[in-house]
Each structure stands twice: as C-alpha cells, then as structure tokens.
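First the structure, in the form of structure tokens, and then the observations on it.
Sequence lines set the chain letters: A, B, ... in the order given, protein chains first and strands last, and positions in each chain run from 1.
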2 protein chains.
Amino acid sequence: MEALTIREAAQTTGWSARMLRYIERSGLVAPARSSAGYRLYGPAELQRLRTLKELLGRYEIGLSDVAFAARMATSAELRDDVAGWLAEKPSRPEHVSAQDWLRFEQDKHEKLLAAA
Amino acid sequence: MEALTIREAAQTTGWSARMLRYIERSGLVAPARSSAGYRLYGPAELQRLRTLKELLGRYEIGLSDVAFAARMATSAELRDDVAGWLAEKPSRPEHVSAQDWLRFEQDKHEKLLAAA
DNA sequence: CCAACATTACCACGAGAGTGTCAAGGTTGG
DNA sequence: CCAACCTTGACACTCTCGTGGTAATGTTGG
C-alpha cells in the first residue's frame with residue numbers, strides 16, 4: 001500500500017491535516033477515499049500539494065486565487081469575459097498593474113510626510 | 001470638458017463614490033487626475049466600470065478575483081506557473097464537496113478541450 | 001466669498017479566507 | 001479488545017475584502 005493517510009500526507013507535504021481537508025473542500029486537491037471514507041493520498045496528490053505550497057509562497061497568493069484560476073481554466077465563458085474586460089484598453093491612464101499601486105501609495109505617503 | 005467627477009461617475013455607473021476609490025486602489029480602473037488631484041472619469045473609464053459591474057454580477061466573482069486575473073495577465077511567470085500547476089493531472093477528479101459553486105457537468109467538455 | 005464639491009485618513013462592520021482545537025463517533029491493526 | 005488513528009461538525013480567532021460612514025482640509029464655480 002503506497003497511499004498515505006491524512007496525517008502522513010500532512011507530515012511529508014508540510015501542510016497541516018486541517019489544511020489538507022480545507023484544500024480538498026476548495027476543490028484543489030481531492031484524494032481518493034478508502035471504503036470506510038478515509039482519505040488516501042497517492043504520489044500524485046503529494047506532489048501536487050508540495051508544488052501548491054511552493055506556488056502560494058513564491059507569489060504571495062492564496063488558495064482562493066488558485067481556485068479562481070482553476071475556475072477560469074474550466075470555463076471558457078468566464079475566461080473569455082475576464083480576458084475581454086482586461087483587454088479593454090484604459091485609453092488615458094497608464095499602468096497601475098497591481099504591483100505598482102503599492103509603490104504608488106508609498107511614494108504618496110512619503111511626499112505627505114516630507115511636506116509636513 | 002467631458003470628464004466626469006467622481007460623484008457624477010458614480011451616478012452613471014451604479015457604483016458608489018466610495019467604491020470607485022476602492023476600485024482604483026485595487027488597480028482595476030484608474031482615472032486621470034486634474035491638476036488639483038480630482039479624479040476625472042472619461043468615456044473609457046465609465047465603460048470599463050459598467051462592464052466590470054456586469055462581469056462581477058454575472059459570475060459571482062469579486063474585485064480581488066479580477067485583480068488576480070490582471071496580475072496573471074501581466075506576469076508571464078505567474079501565469080505559466082499557475083497554468084503548470086493546474087495542468088498537473090489530478091489523478092481522480094471526484095469528490096468535490098457538496099456546496100460546490102462550480103458546475104462541473106456543464107464544463108466537462110471544455111476541460112477536455114483545455115487539456116488538449 | 002462661499003456652498004458644494006473634491007481629497008485623504010480614519011472607524012466600523014459583516015462576510016469570507018485561513019488556520020487551530022476540541023467533541024462525538026467510526027475504523028484499523030496488533 | 002483497545003490505543004491510535006480517521007471522519008464530520010462546531011467554536012473561535014486573525015486577516016482581508018467590500019462597503020458605509022465621518023472628519024479635517026483643499027478646490028471650484030457662480
């Protein structure tokens with residue numbers, strides 16, 4: 001038997017057992033079940049859980065973000081509508097691409113402090 | 001001058017002035033500014049705000065979801081890593097929890113297409 | 001000049017995400 | 001048989017999201 005129980009899977013992936021259940025509930029990694037209902041994590045699930053952890057940490061994103069990406073990946077309609085909205089060029093306003101507004105806010109704050 | 005102030009923009013788009021500032025802060029719709037710092041909403045921004053409202057309502061998604069999509073659209077690295085994770089085959093697609101907001105049955109064929 | 005607008009900076013508050021812990025009960029292996 | 005595991009469900013806490021206010025202050029137009 002190569003499938004791990006939730007406790008073993010938790011230890012080898014770095015997630016807590018609680019989070020493994022939460023991740024399953026959000027539709028991201030759903031392990032098989034034994035006849036009695038026990039979760040059985042195979043090599044594929046374990047790998048997926050490790051790379052998920054890596055992904056979230058590297059980009060500072062959340063499970064809900066990945067869940068949304070999954071939803072876009074499975075619904076062409078959603079994906080196309082979102083892509084369509086993003087493609088609407090904001091004629092005038094340059095940039096502000098989600099990573100920049102932080103710096104924007106910070107600069108403003110510094111300016112206010114300097115003026116005081 | 002055809003640009004509207006935040007109050008006028010709020011009335012014609014259905015958002016509140018408060019939300020227009022919030023939307024700007026999340027990097028989705030950033031209007032131009034007057035020399036005194038007043039937000040100036042032009043036709044492009046107004047249209048964008050209306051379609052944004054439509055988009056959120058139609059799919060029951062949030063501003064943060066669209067903001068994340070925007071982040072993926074501007075970062076090839078993020079986009080590829082997320083897509084790569086989603087492409088890792090989930091050994092058995094089953095057990096998606098009772099209160100599931102996805103309509104898997106409807107999207108099944110699209111998932112097959114995306115995997116091709 | 002001044003009423004009506006704008007700006008930012010706060011306080012607040014319900015809802016959801018992300019976690020832990022505990023309870024009550026079923027399953028497993030030695 | 002029984003200790004150690006598993007299950008679901010619930011209480012709770014911290015953060016962020018999505019909103020609404022209010023206050024203090026600057027700007028605009030008639």
Side-chain angles (χ1 to χ4, degrees), chain A residues 1 3-41 49 52-53 55-57 60-71 98 101-102 104-116, chain B residues 1 3-41 49 52-53 55-57 59-71 95-101:
Chain A
M1 175 71 86
L4 304 188
T5 65
I6 195 171
R7 174 165 296 248
E8 297 164 327
Q11 289 180 335
T12 63
T13 60
W15 291 102
S16 64
R18 178 68 168 81
M19 280 310 293
L20 293 187
R21 297 196 184 93
Y22 185 71
I23 289 168
E24 178 178 7
R25 196 157 56 92
S26 47
L28 294 181
V29 177
R33 296 296 189 112
S34 74
S35 55
Y38 282 27
R39 291 175 180 78
L40 297 176
Y41 291 88
L49 287 170
L52 178 60
K53 199 177 187 64
L55 187 63
L56 298 194
E60 296 258 19
I61 62 182
L63 294 175
S64 55
D65 291 321
V66 182
F68 179 67
R71 200 178 156 194
W101 73 265
L102 275 174
F104 171 74
E105 290 293 313
Q106 192 175 0
D107 290 347
K108 209 167 39 183
H109 193 219
E110 287 168 0
K111 244 196 311 190
L112 288 176
L113 287 177
Chain B
M1 175 73 88
L4 304 187
T5 65
I6 196 171
R7 174 165 296 247
E8 298 164 329
Q11 289 180 335
T12 64
T13 61
W15 291 102
S16 65
R18 179 69 170 79
M19 281 309 293
L20 293 186
R21 297 197 184 93
Y22 183 72
I23 290 169
E24 177 178 9
R25 196 159 65 87
S26 41
L28 295 180
V29 176
R33 296 295 189 112
S34 74
S35 56
Y38 281 25
R39 291 174 180 79
L40 298 175
Y41 291 87
L49 287 170
L52 177 60
K53 199 178 187 64
L55 187 63
L56 298 194
Y59 297 102
E60 297 255 23
I61 62 182
L63 293 175
S64 54
D65 291 321
V66 181
F68 179 66
R71 201 177 155 195
H95 293 301
V96 201
S97 172
Q99 69 126 89
D100 189 1
W101 38 272

Rounded interatomic separation in angstrom, taking [atom1] from [X] and [atom2] from [N]:
X     : N      : atom1 : atom2 : value
B:E8  : D:dG29 : CD    : C1'   : 13 Å
B:Y41 : C:dA6  : OH    : C1'   : 12 Å
B:L63 : C:dA15 : CG    : C1'   : 15 Å
B:R7  : C:dT7  : CZ    : C1'   : 13 Å
B:D65 : C:dA15 : CG    : C1'   : 14 Å
A:L20 : C:dG18 : CG    : P     : 14 Å
B:R25 : C:dT8  : CZ    : C1'   : 11 Å
B:R33 : D:dT27 : CZ    : P     : 13 Å

Problem set entry | Pairwise 5' ranking along DNA chain C for A:M19 and B:A36, keeping only the more 5' one |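 On the 5' side of the pair lies B:A36.
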Exercise. Between A:Y22 and B:I6, which is nearer to the 5' end of DNA chain C once each is assigned its nearest nucleotide?
Worked result: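 By nearest-heavy-atom nucleotide position, the 5'-most residue is B:I6.
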Exercise. So, are A:E24 and A:R33 salt-bridged, with charged N and O less than 4.0 Å apart?
Worked result: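 A salt bridge is present here (some side-chain N lies under 4.0 Å from a carboxylate O).
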So, is [X] close to the [N] phosphate, meaning a side-chain N or O under 4.0 Å from OP1 or OP2?
X     : N      : answer
B:T5  : C:dA6  : yes
A:S16 : C:dG20 : yes
B:R18 : C:dC10 : no
A:R39 : D:dT7  : yes

Exercise. Does the side chain of A:L63 come within less than 4.5 Å of A:L52's, by heavy atoms?
Worked result: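 Heavy-atom side-chain distance check passes, below 4.5 Å.
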For this session: Without swapping roles, check the side chain of A:E8 against the backbone of A:T5 for a donor-acceptor pair under 3.5 Å.
Result: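 Yes, because the side chain of A:E8 sits within donor-acceptor range (under 3.5 Å) of the backbone of A:T5.
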Problem set entry | Expected output: side-chain B:S34 to main-chain B:A36 donor-acceptor under 3.5 Å |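 Looks like yes, one N/O pair under 3.5 Å.
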For this session: Answer with yes or no whether B:Y38 presents, from its side chain, a donor or acceptor under 3.5 Å of a partner atom in the base of D:dG26.
Result: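 Yes, the side chain and the base share a sub-3.5 Å donor-acceptor pair.
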Problem set entry | Touch class at under 4.0 angstrom, heavy-atom based, for B:S34 against every strand present |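 Here B:S34 touches no strand at all.
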Problem set entry | Sugar-phosphate only, base, or nothing, as touched by A:R21 at under 4.0 Å among non-hydrogen atoms |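 Base contact.
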For this session: Please tell me which of B:G62 and B:S35 maps to the more 5' nucleotide of DNA chain D, matching each residue to the nucleotide holding its nearest heavy atom.
Result: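 It is B:G62 whose nearest nucleotide is closer to the 5' end.
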Problem set entry | Nearest heavy-atom neighbours spanning B:A10 and B:S16 |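 Closest approach of B:A10 to B:S16: CB-C, 3.9 Å.
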